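Structure, as structure tokens:
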Amino acid sequence: MIELYTANTPNGKKISIMLEEIGYEYNVNTIDLNKGDQFNPEFKKISPFSKIPVIKDQENNKVIFESGAILIYLAEKSGKYFDDKNIITQWLMAQMGYVGPILGQHHQFHHYNSGKSEFGEQRYFKISTSIYKNLDERLLVSKYLAGENYSIADIATFPWIARHDWHDIGLKNYKNLCRWYLEISERDAVIKGYDYLSKGEKIPKP
Ligand SMILES: N[C@@H](CCC(=O)N[C@@H](CS)C(=O)NCC(=O)O)C(=O)O
């Protein structure tokens, strides 16, 4: 059994999707980020930067924070979605260090705080658009991000692209990215992991 400490965000959904993909039992512990649960001293003991997601593996009491590290841990434990480690690690790290942080800033300036900083809005819109283009180019020559097989790199990237309705970049205009997105959004585990609170939350259509 895996204890999952999470919230309804792209980084959180990466892990519920992975847990569904590998068929592990898990118990959801909701961290209410609006109420500041992440700053609770008990939570900080398992999450040094006060961020979700975190897991605790009840089988061995291991605690893992950072979504990329959690995906690697679960992939190694289950033996799934991490076959070609070198290439998968590159695409996973690109998501962790670039795609997620930039789209996260785009959410801040364009979605949550629009009108507050023209510079911020333009800067992150421009870089986010180039991320769509770069992912689209990759998916023209590769079925999945890291090659022919679905991997933890796709699982890490998918929930960020699932916020395309906030991005206003036009997912439909990026045919290969759209093809990848639609295919992944039809996977049973992805549908279930996306709606990990069982509230009927649907994956946004392109
Ligand atoms: N690099 C971290 C980022 C985690 C992260 O930024 N989590 C956000 C939600 S998506 C969070 O916990 N925010 C709470 C806060 O900043 O107070 C990871 O991928 O796990």
Side-chain angles (χ1 to χ4, degrees), residues 2-22 24 26-57 62-78 81-82 85 88-113 116-117 120 123-124 127-128 131 135 145-146 151-167 181 184 190 193-197 199 201 203-204:
I2 302 287
E3 291 295 331
L4 169 62
Y5 301 84
T6 193
N8 201 2
T9 72
N11 286 326
K13 284 180 196 279
K14 289 174 188 175
I15 310 306
S16 44
I17 289 173
M18 178 64 173
L19 287 162
E20 293 291 342
E21 288 285 9
I22 60 179
Y24 278 18
Y26 62 103
N27 180 44
V28 174
N29 302 265
T30 299
I31 303 296
D32 188 332
L33 301 178
N34 293 324
K35 281 199 189 142
D37 288 356
Q38 68 274 36
F39 303 113
N40 179 323
E42 276 309 301
F43 183 64
K44 199 162 184 301
K45 281 185 196 158
I46 58 169
S47 181
F49 298 100
S50 297
K51 304 281 183 208
I52 63 91
V54 179
I55 61 163
K56 182 171 183 189
D57 187 341
K62 279 188 181 160
V63 172
I64 324 272
F65 68 92
E66 273 293 320
S67 60
I70 298 170
L71 288 174
I72 291 173
Y73 175 80
L74 293 172
E76 288 187 328
K77 184 173 167 107
S78 64
Y81 308 122
F82 198 27
K85 286 192 181 173
I88 293 169
T89 304
Q90 289 173 58
W91 286 94
L92 177 64
M93 292 302 122
Q95 191 290 313
M96 294 297 301
Y98 181 52
V99 175
I102 294 290
L103 292 179
Q105 292 305 310
H106 183 44
H107 293 172
Q108 286 302 321
F109 286 104
H110 182 78
H111 180 77
Y112 290 115
N113 296 288
K116 286 196 183 156
S117 165
R123 173 177 164 81
Y124 291 104
I127 313 178
S128 299
I131 286 176
L135 291 174
L145 288 174
S151 77
I152 52 174
D154 300 294
I155 295 173
T157 307
F158 177 82
W160 284 95
I161 302 301
R163 286 258 160 107
H164 60 86
D165 46 348
W166 289 12
H167 300 159
Y181 178 76
I184 294 176
V190 174
Y194 193 86
D195 182 30
Y196 71 99
L197 292 170
K199 286 191 170 168
E201 193 182 357
I203 297 171

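What you see is a predicted model; the values in this text were computed from it and never measured. Ligands are counted one by one from 1 in listed order, and the atoms in each one are counted from 1 as well.
Annotation: side chain to side chain donor-acceptor pair (under 3.5 Å) contacts involving residues 42-56, sequence neighbours excluded, comprise Glu42-Lys45.
The shortest N or O to N or O distance between Met96 and ligand 1 is not under 3.5 Å.
When non-hydrogen atoms are compared, ligand 1 lies under 4.0 Å from the backbone of Ile52 as well as from its side chain.
Note on ring orientation: taking the six-membered ring where Trp is involved, the planes of Tyr181 and His164 are perpendicular (angle over 60°, cut-offs 30° and 60°). Between Phe43 and Tyr5, the angle of the ring planes lies from 30° to 60°, which puts this pair in the tilted group. Classification of the Trp166-Tyr112 ring pair by plane angle, with boundaries at 30° and 60°, yields perpendicular.
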Inset, instruction - Begin from the C-alpha positions of Gln95 and Lys14 and carry the test side-chain contact (heavy atoms from CB on, under 4.5 Å) through to its verdict. - result: CA-CA 11 Å; Gln95 191 290 313; Lys14 289 174 188 175; 2.9 Å; yes

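The shortest contact between atom 17 (O) of ligand 1 and any protein heavy atom is with Gln38 NE2, 2.8 Å. Atom 20 (O) of ligand 1 has its closest protein heavy atom at Ser67 N, 2.8 Å. For atom 3 (C) of ligand 1, the closest non-hydrogen atom on the protein side is Asn11 ND2, 3.6 Å. Closest to atom 10 (S) of ligand 1, if we only count protein heavy atoms, is Thr9 OG1, 3.1 Å. Among protein heavy atoms, atom 2 (C) of ligand 1 sits closest to Glu66 OE2, 3.2 Å.
Side chains of Tyr196 and Glu201: no donor on one and acceptor on the other come within 3.5 Å.
The closest approach between any non-hydrogen atom of Pro53 and ligand 1 is below 4.0 Å.
Against a heavy-atom cut-off of under 4.0 Å, Phe39 is close to the following atoms of ligand 1: 17 (O).
Ring to ring, His107 and Trp160 are close: their centroids are under 6.0 angstrom apart.
Comparing His107, Lys51, Lys13 by heavy-atom distance to atom 16 (O) of ligand 1, the nearest is Lys51.
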